[in-house]
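In this text, all values refer to a predicted model and were calculated from it rather than measured experimentally. Chain letters run A, B, ... following the sequence lines, proteins first and then strands; every chain starts at 1.
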Protein chains: 2
Amino acid sequence: MRSAKPKVIDVARLAGVSTATVSRVLNDPSMVSEATREAVQKAVQDTGYRVNRAARNLRTNRSRTVLALVPNLSNPFFSNILSGLERELNASDYSLLVTDSSDVTLSSDQLQRYISAGQADGLIILDGDIDQRELEALQAVLATVPVVFACEWVEGFACPSVRADNSEGIRMLVDHLWELGHRRFGHVAGPSTNVLSRKRQEAFAKFVRIRGGDLRQAWMLPGNFSIEAGKIAAKKVATLQNGPTAWICASDQIAFGLIAGLTDAGVKVPDDLSVTGFDNIEMTEVFNPPLTTIHQHRNKMGNEAARQLLHQLKGSHKVINEPTVMPVYLVARKSTGPVTQARV
Amino acid sequence: MRSAKPKVIDVARLAGVSTATVSRVLNDPSMVSEATREAVQKAVQDTGYRVNRAARNLRTNRSRTVLALVPNLSNPFFSNILSGLERELNASDYSLLVTDSSDVTLSSDQLQRYISAGQADGLIILDGDIDQRELEALQAVLATVPVVFACEWVEGFACPSVRADNSEGIRMLVDHLWELGHRRFGHVAGPSTNVLSRKRQEAFAKFVRIRGGDLRQAWMLPGNFSIEAGKIAAKKVATLQNGPTAWICASDQIAFGLIAGLTDAGVKVPDDLSVTGFDNIEMTEVFNPPLTTIHQHRNKMGNEAARQLLHQLKGSHKVINEPTVMPVYLVARKSTGPVTQARV
DNA sequence: TGCGGCCATGTAATCGATTACATCTCCTCC
DNA sequence: GGAGGAGATGTAATCGATTACATGGCCGCA
């Protein structure tokens, strides 16, 4: 082990040049003649030199680090997006800092801690549930560093975002069910404050209406994205007389809970009722019955969000505030089937 | 908006003191008289001052940041641990940097990038699958910054670690099944390179033997932690004549795949065979049948790992290389039942 | 009274890079 | 032949904190 960490000056001495030249080789090699460049690169190798990030950050006033605000780190839903983010950022030599936005009330304080302190050059927000006060803090941040929403977003907040085509996903489900003969549709929603949940619910109403299906308020049940919400909904669903033959749930978890609850109540899926989810989480495939759902490329959404942020960070400040909408795919499995004649 | 970010000097002027005093108030208030302290704190408030991390890091040669090496960020299994880490670190004003260790070959390079560059003061490794060359790089790192393993670990590598009591979990499952009357046990293992997998397999053999059960090599199937591995195992299991009546799987996913495969083959769980998982992931509860499995507090493991790292970072260099073993819990559900008389 | 010591505070060096500006060399072109 | 410009490199200022060392005031004690 070398006793002390080598510094630019050590590299410079070994290569017989000045520290400025070493720095140039590291940051913009084209400025330096080939011979010098090679000599410096060799010296870097020989000394095992690594730039001191803190020093560079101080001087350049950048951190080459991006902060991801995740609503709930322990929710597997987000890990895929994180993975996509990380890959893309690392490829550009950026690092990824993560924080749970439900943790400390995000608010100005949490954000300032990272942004004003210069710990992060940009922000990727996976959380659309931001209250008014926090939004104001965010507005202020927006003036300072680029921000991109991924997956979720806040309506009316002028800022680039990457999201799945939630509406199209619901359309696919409605069409799929329609073709199976279903005419009465029910919906179990996610949390009413959540933007994904609202979009899906709106799309549900829209496409059922377009198709000319029977749409009733009483068949649109509240919930949140949890299994528990599905179970609760199941109690209601099991008692409905002449109710929907097909239930579109705002998440796979809800669908799991709903199906589990229905099974307990003696209602069979898909024989008696069809049920669909949304997200295509890993378990949908082995669930019994395997769940018909909508797949979104969460990894790619992460990639894309990172790319958009990097794009802004690398200077071209033409910010596209138009949302980037990623395609979704219908995955038809066994939880949906032809409408039962007895129930038409 | 203030035109420029306030700096210590601005705070110092406003409070009528020197920058040194401001810094003292921020870092060790006890050194400063009460009157001055309050004046400075007020000035900090009034200016909206935030320390520049890069400058502080440069001077103190610390980053107040910890790097988590995650084998596969998109695996939900790790998100819980991350969450625990993050919470604990944030409470001590540390930040969490994450990187996917499967991403770039971790190796010296990836590590150096963070550690030698001073981007992280410590390392939390969630990945036990580290090859020999990488281990050497890691040894070198160990001399520089504290390292803690969480959940997984590398055997024979002298370094603190936090892990679940894998062996005890398997014992609980064996005992649970034994009491249900089972005497012939099978195991579907995880990847052979994985330390958790090996521990669980060893424990399986050990406790079946202790109980006096029938233990055969042919009943210990290879696999990895995936659903797919369970499905593959199912093909084999379905053909066994007079085979095990109870199957202990190294992960919940394997159990899902196994049960799904068995169901397809017309074998009923738990009527014909009992099956258990390991981990108690969220979906176990709604799976049909609900899965008997072992629960571990992944969140708390994250907390504990972070605490141990912080402990080292905060100076008390008494490193406990003894692993910290966290308790696990049996969650008995419907995938296990009394042994079928016809199969005893 | 005077000395030693403690406490609170200030002055200025320092961390390790990047980069504005200066310098020097070598060409080109009139 | 000389002005001017381009290209390569060096010198030294700079980023914004922390902290070693210096200073000054005050108290207690001989």
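For the helix from C:dT1-D:dA30 to C:dC30-D:dG1, the axis fitted to the five pairs at one end and the axis fitted to the five pairs at the other end meet at an angle of 50° (nearest 10 degrees).
For the pair B:S33 and C:dC7, the criterion of a side-chain N or O lying under 4.0 Å from OP1 or OP2 is not met.
Per the geometry, CG belonging to B:L58 stands 9 Å off C1' belonging to C:dT14, to the nearest Å. Atom CE of A:M31 and atom C1' of D:dG10 are 12 Å apart (whole Å). Distance A:R62 CZ to D:dG16 P: 14 Å, rounded to the nearest Å. When the P atom of C:dA13 is taken as reference, atom CG of B:N61 falls 21 Å away, rounded to whole Å.
Between A:Q41 and A:V25, the closest side-chain pair of non-hydrogen atoms falls below 4.5 Å.
Shown here are the side-chain hydrogen bond (donor to acceptor under 3.5 Å, both in side chains) partners of A:Y114, two or more places apart in sequence or in another chain: B:N90. Take A:N194 and apply the side-chain hydrogen bond (donor to acceptor under 3.5 Å, both in side chains) test, not counting sequence neighbours, and it matches A:E152. By the side-chain contact (heavy atoms from CB on, under 4.5 Å) test, B:Q139 is found to be paired with B:L142, B:F157, residues two or more places apart in sequence or in another chain being considered.
A donor-acceptor contact shorter than 3.5 Å links the side chain of B:R64 to the backbone of B:S92.
With no hydrogens or angles considered, a side-chain donor-acceptor pair links A:Q119 and B:S95 at under 3.5 Å.
A:D93 has no carboxylate O lying under 4.0 Å from a charged side-chain N of A:K314, or vice versa, which leaves the two without a salt bridge.
Within the structure, every pair that satisfies the side-chain hydrogen bond (donor to acceptor under 3.5 Å, both in side chains) test and touches residues 26-37 of chain A, not counting sequence neighbours, is listed here: A:S23-A:N27, A:N27-A:R56, A:D28-A:S30, A:S33-A:T36.
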Show each protein N/O and nucleotides 17-20 of chain C N/O combination with a separation under 3.5 Å, one pair to a line.
| residue | atom | partner | partner atom | Å |
| --- | --- | --- | --- | --- |
| C:dA17 | OP1 | A:Y49 | OH | 2.7 |
| C:dA17 | OP1 | A:N52 | N | 3.1 |
| C:dA17 | OP2 | A:V8 | N | 2.7 |
| C:dA17 | O5' | A:Y49 | OH | 3.2 |
| C:dT18 | OP1 | A:N27 | OD1 | 3.4 |
| C:dT18 | OP1 | A:N27 | ND2 | 2.9 |
| C:dT18 | OP1 | A:R56 | NE | 3.1 |
| C:dT18 | OP1 | A:R56 | NH2 | 3.3 |
| C:dT18 | OP2 | A:S23 | OG | 2.5 |
| C:dT18 | OP2 | A:N27 | ND2 | 3.4 |
| C:dT18 | O5' | A:S23 | OG | 3.4 |
| C:dT18 | O2 | A:R59 | NH1 | 2.3 |

